[in-house]
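Worksheet for the structure shown next.
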Amino acid sequence: MKHIKHCSVIAALAAAALTFAGVAPAALAANDGATQDAVVATRSFPKTNAVKKNILAEASSTQVESDSDWGGVESLNVPQTKSQAEKDAEAAAVAAEQQRQQQAQAQAQAQAASRSAARSDLSSSGSFTVTPPDGASVSSLLTFANQFVGKVPYVSGGNTPSGWDCSGFVQYVYGQMGVSLPHYSGAQATVGRAVGSLADAQPGDIIANAQHAAIYVGNGMVINSQLNGTRYDPIAWVFPSSYSIRRIF
């Protein structure tokens with residue numbers, strides 16, 4: 001009986017061994033099949049380093065529709081900054097312009113006051129009425145100067161209708177025309193533009209030398225102030241020596 005039991009045990013162990021041997025290869029084969037499926041699955045996707053992109057090419061090939069409005073540099077409101085030197089230069093220019101305007105205004109006011117005072121002298125003379133010049137022309141100058149002929153006496157150093165000397169008369173007449181002249185005949189012989197000869201002289205020109213000054217009226221005649229008062233005289237009488245001819249207008 002014991003022998004039979006031992007044989008049964010041995011047979012059972014042998015059967016178990018055979019069963020295990022059959023299961024293990026099957027499991028290994030199954031595992032091997034699963035591994036192969038996993039490898040196939042991973043190989044079905046491309047490698048990441050196989051995809052290459054040219055970023056610069058893509059950027060340069062970007063297209064924009066022709067009617068797109070993206071604005072422009074000219075439409076940007078960019079604040080402009082200036083250096084301190086530029087700011088100082090602009091401030092200096094503004095100050096200089098303001099000073100120039102103030103000086104021009106002061107000069108204009110002074111000239112207006114001078115004319116007003118001169119006209120007041122005319123109206124206060126009481127002996128005659130004088131019409132101020134109506135323009136800066138030669139005809140206006142001669143018409144204005146003619147009003148004093150035979151009416152204003154000669155006064156050495158004078159330059160008003162109350163009395164004047166030769167250069168004072170020329171200075172006053174031209175002053176009423178807006179032209180400032182010195183009160184000395186020698187200095188008046190250098191003002192304006194030089195005229196070459198009496199043949200080229202025109203009415204309104206100044207004829208002067210160190211001793212005398214007058215206003216040319218044409219035909220060899222001048223209007224001037226001399227010892228006999230304000231009058232017309234031939235050039236040869238009042239300028240026995242050389243003289244200069246100067247043109248203002």
Side-chain angles (χ1 to χ4, degrees), residues 79-149 151-153 155-195 201-208 210 213-217 222-225 230 244-249:
Q80 300 295 322
T81 58
K82 297 180 180 179
S83 66
Q84 187 60 43
E86 291 176 330
K87 294 179 181 179
D88 293 342
E90 289 184 357
V94 171
E97 177 62 19
Q98 291 177 347
Q99 184 177 7
R100 186 193 66 78
Q101 292 179 355
Q102 291 175 354
Q103 291 176 347
Q105 183 178 4
Q107 184 178 4
Q109 291 176 348
Q111 291 178 350
S114 177
R115 292 185 181 183
S116 177
R119 291 173 182 176
S120 177
D121 290 341
L122 288 177
S123 62
S124 63
S125 63
S127 58
F128 59 94
T129 301
V130 175
T131 303
D134 58 359
S137 64
V138 172
S139 60
S140 179
L141 180 143
L142 296 179
T143 299
F144 178 69
N146 181 68
Q147 298 178 90
F148 303 104
V149 174
K151 300 175 182 177
V152 179
V155 175
S156 179
N159 62 351
T160 70
S162 298
W164 44 42
D165 55 19
C166 62
S167 59
F169 167 67
V170 175
Q171 180 191 44
Y172 179 83
V173 171
Y174 269 94
Q176 297 305 300
M177 304 294 293
V179 179
S180 178
L181 295 179
H183 187 184
Y184 171 58
S185 62
Q188 290 178 1
T190 63
V191 299
R193 304 182 303 276
V195 177
Q202 297 178 1
D205 290 346
I206 296 174
I207 298 182
I215 300 174
Y216 186 63
V217 296
V222 295
I223 182 172
N224 66 139
S225 178
T230 305
S244 296
I245 305 174
R246 314 297 296 189
R247 182 164 296 159
I248 303 297
F249 295 121

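Because the structure is predicted, anything quoted here is derived from the model rather than measured. What you see below is based on every heavy atom in this structure, not just the backbone, and it leaves out hydrogens, waters and symmetry mates. Residue indices begin at 1 and follow the sequence shown.
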Nearest atoms (heavy-atom pairs only) where Ala136 meets Met177: CA-CE, 3.5 Å

Nearest heavy-atom neighbours spanning Asp165 and His183: OD1-NE2, 2.9 Å

Pairs satisfying salt bridge (Lys or Arg N to Asp or Glu O under 4.0 Å), at least one member in residues 83-95, at least two apart: Lys82-Glu90

Side-chain donor/acceptor of Asn159 to backbone N/O of Trp164, under 3.5 Å: no

Residues that Thr190 engages under side chain to side chain donor-acceptor pair (under 3.5 Å), provided they are two or more places apart: none

pair Ile245-Tyr216: side-chain heavy atoms closer than 4.5 Å: no

Ile206 vs Leu181 side-chain heavy atoms within contact, under 4.5 Å: yes

Minimum heavy-atom distance between Val191 and Arg246, given as atom pair plus value: O-NE, 2.7 Å

Beyond-backbone contact of Gln188 with Pro182, side-chain heavy atoms, under 4.5 angstrom: yes

Heavy-atom pair of closest approach, residues Phe249 and Val179: CZ-CG2, 4.0 Å

Salt bridge (Lys or Arg N to Asp or Glu O under 4.0 Å) contacts touching residues 97-107 (sequence neighbours left out): Glu97-Arg100

Distance-minimising heavy-atom pair for Gln147 and Thr131: OE1-N, 2.6 Å

From Gln176 atom CD to Gln171 atom CD, the distance as rounded to the nearest 0.5 Å: 10.5 Å

Beyond-backbone contact of Ile215 with Leu142, side-chain heavy atoms, under 4.5 angstrom: yes

Ser225 side chain vs Phe169 backbone, donor-acceptor pair below 3.5 Å: no

Over all atoms of both residues, closest heavy-atom pair of Ser162 and Val155: O-CG2, 4.5 Å

Interatomic distance, Tyr172 atom OH to Phe144 atom CZ [nearest 0.5 angstrom]: 4.5 Å

N/O donor-acceptor pair under 3.5 Å between Ser167 side chain and Ala213 backbone: no

Contact check, side chains of Ser140 and Asp134, non-hydrogen atoms, under 4.5 Å: yes

